[in-house]
Amino acid sequence: MISFENVGMRYDMGGEILRDINFTLDRGSFHFLVGPSGAGKTSLLKLLYLAFRPSRGLVNYFGHDLSNIERSGLPRLRRRIGVVFQDFRLLEHLSAFDNVALPLRIQGAQKKQIAEHVEELLAWVGLQDRMHARPATLSGGEKQRVAIARAIINKPDLLVADEPTGNVDPDMAERLMHLFVELNKIGTTTVVATHDENLVKTVGAPILQLSKGELSHIKARPDKHTTPYGQKAPSYKRTKGEQS
Amino acid sequence: MLKRPLNFLSADKQSDALLPWVISVMLFLSALALSFALGVNRGLDSWSKGLTSTLTIQVVHSDTIERNRQAEATIKMVRATPGVTSANIMADQYVVSLLSPWLGNMPIGSGLPLPSLIDVTLDDSGDFNLDSLKSRLNVAAPDAALDDHQAWMRQILDLAGILEVLLIAIVVMITLCTITIVIFGCRAGLAAHQDTIEIMHLMGAEDTTIASAFDRRYLQHGLKGGAFGVCIASVVLYGVAYMAARMGQGLLNAALPDLNTVWWVLLLPILSGLLAMITARITIRRALTDMV
Ligand SMILES: Nc1ncnc2c1ncn2[C@@H]1O[C@H](COP(=O)(O)OP(=O)(O)OP(=O)(O)O)[C@@H](O)[C@H]1O
Ligand SMILES: [Mg+2]
């Protein structure tokens, strides 16, 4: 579904942050992205969620060569991607509810449908009582859960999460990871950047390892896609509305 | 996709909070300038009508015979002047009645020397040349005096014309200023909301979705600012017009705003709203295409 071939990336005039990146994300796959701080994980994810274009190399995106896609074609692709930013990037003046509702509103969803989905998802991440709080009044972990809810609210084809469990306790981390796994089961291709060794172990998905801008692959463990927790993720069905 | 715009901008973090105030000052000034420009224009019309149609020449001489001779010569010459429709001497009777406020009623032929007054009517062709008539009259009838308050009026008229152009230029400059201020306001707004805009882009928002939130905001700024400025301007204009009405008919009065014609200033807020919105739309859309 997404493949990178000899991709390099640099910020402005600086040196290459990423060099010769090669990998393929199959539809419905689940990958961890690991590596020491400063290795370039966030930078690679920026390429994945189309905040940047690579400075060299080939990127194939949902069957399109990225270099052939004009700026006006990006919004359509971006709507198929959910992003959990490392620093959350919630809109401070909007309530948790409105933040989570934003991707649906951008797509022009119905008001009633928005309310239903957002409330269900916020309840699922344990924020049913903080629905109308502004981000400034939320704890780090609560903000993170809002950010995750915003990223997955429209059941994206690709979910990109940058340290999505950095600010929550281990229980919540597992619960959130379970949400990702459930989402992955209904077909969302998922990439999660993390430092959390335990998390990587429990899910047992293949690992992309970055060090100093170069990528190496680590094979998946045998117990791939196990869901050790009995909880059910939100039961929404995938709506293939305007996807092509 | 014609829908209610998605409002994702914060209302509190107002980088452009001063904009409505600036717009209201601008609108106040342009409403005043415009209505005075219209007033002057109206004044020009009514004054120039009075100016071009008639002219008075008086011949003053203590010797009645010489006076009549010069009056005859004047009439003859004036009638032959291009741009003149008619030239007639006023009856002594009429002249006496004109003088009666100063001299009281007195019989004609009381020995008091009367001036001969010649009433000249001009046509609208503009062929009439006051200066050339004056110099020729000097030779033919040295004691004839052209009542030249008309010449003075012409200067006033020229001045009023310049004033009108100046007022309109001021309105144009204020408009350009307002546009510039809106552009700067937009840029400040874009900078303040940069992060929000980037996130909107990354979530797949189209430029038009983002821009229309700004459009709406600047339309509001323009309407609000415009309405306030025009309210103040209306109060001032109605005040001036009221005072002018109390002063009665007069030269000055003709150039002042008229109660019946200042209603149109109420349309100005709509114009300023549209102006702000269109300016913002162009500025924002341009800036957005440079973003991620
Ligand atoms: N906007 C930027 N402009 C220039 N250089 C940048 C920018 N963002 C990151 N870098 C540099 O790129 C390198 C990789 O950064 P990146 O954020 O991708 O690391 P990371 O693996 O996500 O680290 P962490 O685990 O701490 O989040 C770093 O050396 C960083 O200094
Ligand atoms: Mg990072």
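Only this structure's heavy atoms are used, side chains among them; waters, hydrogens and symmetry mates stay out. Naming: A, B, ... by sequence-line order, numbering from 1 per chain.
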Would the number of heavy atoms belonging to other residues, nucleotides or ligands and lying under 6.0 Å from [atom1] of [X] be above 12?
X	atom1	answer
B/Arg187	CZ	no
B/Phe228	CZ	no
A/Tyr11	OH	yes

> How long is the span from the CG atom in B/Leu202 to the CD1 atom in A/Ile106, to the nearest 0.5 Å?
Replying inline: 10.0 Å
>> Let me confirm one number: the CE-CG distance from B/Met203 to A/Asn154, rounded to the nearest 0.5 Å.
In response: 9.5 Å
>> I'd like to check the side-chain hydrogen bond (donor to acceptor under 3.5 Å, both in side chains) partners of B/Arg285; sequence neighbours left out, ordered by chain and number.
In response: B/Asp215
> Among residues 46-61 of chain A, which residues come closer than 4.5 Å to chain B, judged by heavy atom distances?
Replying inline: A/Tyr49, A/Leu50, A/Ala51
>> Measuring only between side-chain heavy atoms, which start at C-beta, is A/Glu92 closer than 4.5 Å to B/Thr196?
In response: no
> How far apart are the closest heavy atoms of A/Pro75 and B/Gly204, and which atoms are they?
Replying inline: CB-O, 3.5 Å
> What heavy-atom pair brings A/Arg89 and B/Asp195 nearest, and what distance separates the two atoms?
Replying inline: NH2-OD1, 2.8 Å
> Checking A/Arg71 side chain against B/Met291 main chain: does a donor-acceptor pair fall under 3.5 Å?
Replying inline: yes
